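Structure record follows, encoded as structure tokens.
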Amino acid sequence: VNGDHFNGIYIKNQSNGEGIMIKSNGDKYEGNFYKEQLNGKGKIIKKDYTYEGDCFNSLPHGQGNEIIKDKETYYGTFKNGKRAENGILV
């Protein structure tokens, strides 16, 4: 209905379990889903951005790697989608 597409496990009409979600804007979420949200290990791919690591509510949360195309790479900890204090910026 909203243009998003999910290929994976559905339970009670929600994405739950391993899968790939492609949003209508082209953003791609891969990994473990719980109640429509990327949770646990996952990968987020956007036009000039890639994140791979721990996720909570479809945001980087925990240990992970963030690559911003042609700019920088960050290895470290994230909290609610934002870089935490401890990490390495390359």
Side-chain angles (χ1 to χ4, degrees):
V1 174
N2 62 5
D4 297 347
H5 176 75
F6 180 75
N7 185 12
I9 300 170
Y10 275 92
I11 299 173
K12 296 183 181 180
N13 292 325
Q14 293 182 328
S15 51
N16 282 287
E18 289 293 317
I20 299 171
M21 180 175 286
I22 300 174
K23 305 292 243 172
S24 60
N25 65 2
D27 293 352
K28 185 175 179 181
Y29 295 78
E30 301 178 17
N32 191 53
F33 288 80
Y34 178 70
K35 293 186 178 181
E36 302 286 317
Q37 299 292 316
L38 187 59
N39 284 291
K41 297 289 182 193
K43 189 172 188 178
I44 301 169
I45 303 168
K46 298 183 179 187
K47 183 180 177 195
D48 294 325
Y49 172 90
T50 301
Y51 171 83
E52 190 164 4
D54 299 326
C55 298
F56 181 70
N57 289 334
S58 295
L59 294 173
H61 190 85
Q63 289 296 118
N65 305 321
E66 176 184 64
I67 300 168
I68 299 174
K69 187 178 178 183
D70 299 329
K71 290 186 181 178
E72 60 192 29
T73 301
Y74 174 81
Y75 304 94
T77 306
F78 293 79
K79 186 172 182 181
N80 298 319
K82 300 192 185 307
R83 295 175 184 173
E85 295 175 15
N86 55 337
I88 299 170
L89 186 60
V90 181

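For clarity, every value in this text was computed on a predicted model and none was experimentally measured.
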May I ask whether Y10 and F33 are part of the same hydrophobic cluster, defined by side-chain heavy atoms of I, L, V, M, F, W, Y residues being less than 4.5 angstrom apart, directly or through others?
yes
Would Y29 and K46 count as a side-chain contact (heavy atoms from CB on, under 4.5 Å) here? Give the steps.
CA-CA 9 Å; Y29 295 78; K46 298 183 179 187; 3.9 Å; yes
Is the number of heavy atoms from other residues, nucleotides or ligands within 6.0 Å of CD (E72) greater than 12?
yes
Shortest non-hydrogen separation from C55 to I44 and the atoms involved
SG-CD1, 4.4 Å
Reported NZ-to-CG distance for the pair K82 and L59, which is rounded to 0.5 angstrom:
9.0 Å
Neighbour count above 12 (heavy atom, 6.0 Å) for N13 CG
no
Joint cluster assignment, I68 & I88, ILVMFWY side-chain distance < 4.5 Å:
no
Just do the side-chain contact (heavy atoms from CB on, under 4.5 Å) check on I45 and E30 with the steps written out, would you?
CA-CA 8 Å; I45 303 168; E30 301 178 17; 3.9 Å; yes
Looking at every heavy atom in both F78 and Y74, which two are closest together, and how far apart are they?
CZ-CD2, 3.3 Å
With the 4.5 Å side-chain cut-off for hydrophobic clustering, are L89 and Y49 part of the same group?
yes
Run the side-chain contact (heavy atoms from CB on, under 4.5 Å) check on Y34 and N16 step by step: do they pass?
CA-CA 5 Å; Y34 178 70; N16 282 287; 3.5 Å; yes
Here's a test for you: under side-chain contact (heavy atoms from CB on, under 4.5 Å), which of N80, N39, L38 qualifies with H61?
N80
Looking only at heavy atoms, the pair that brings S58 and E36 closest together is OG-O, 4.4 Å
Distance-only donor-acceptor check, side chains E66 and T50, under 3.5 Å
no
Quick check: do K28 and I20 have side-chain heavy atoms less than 4.5 Å from each other?
yes
CZ (F6) with more than 12 external heavy atoms under 6.0 Å
yes
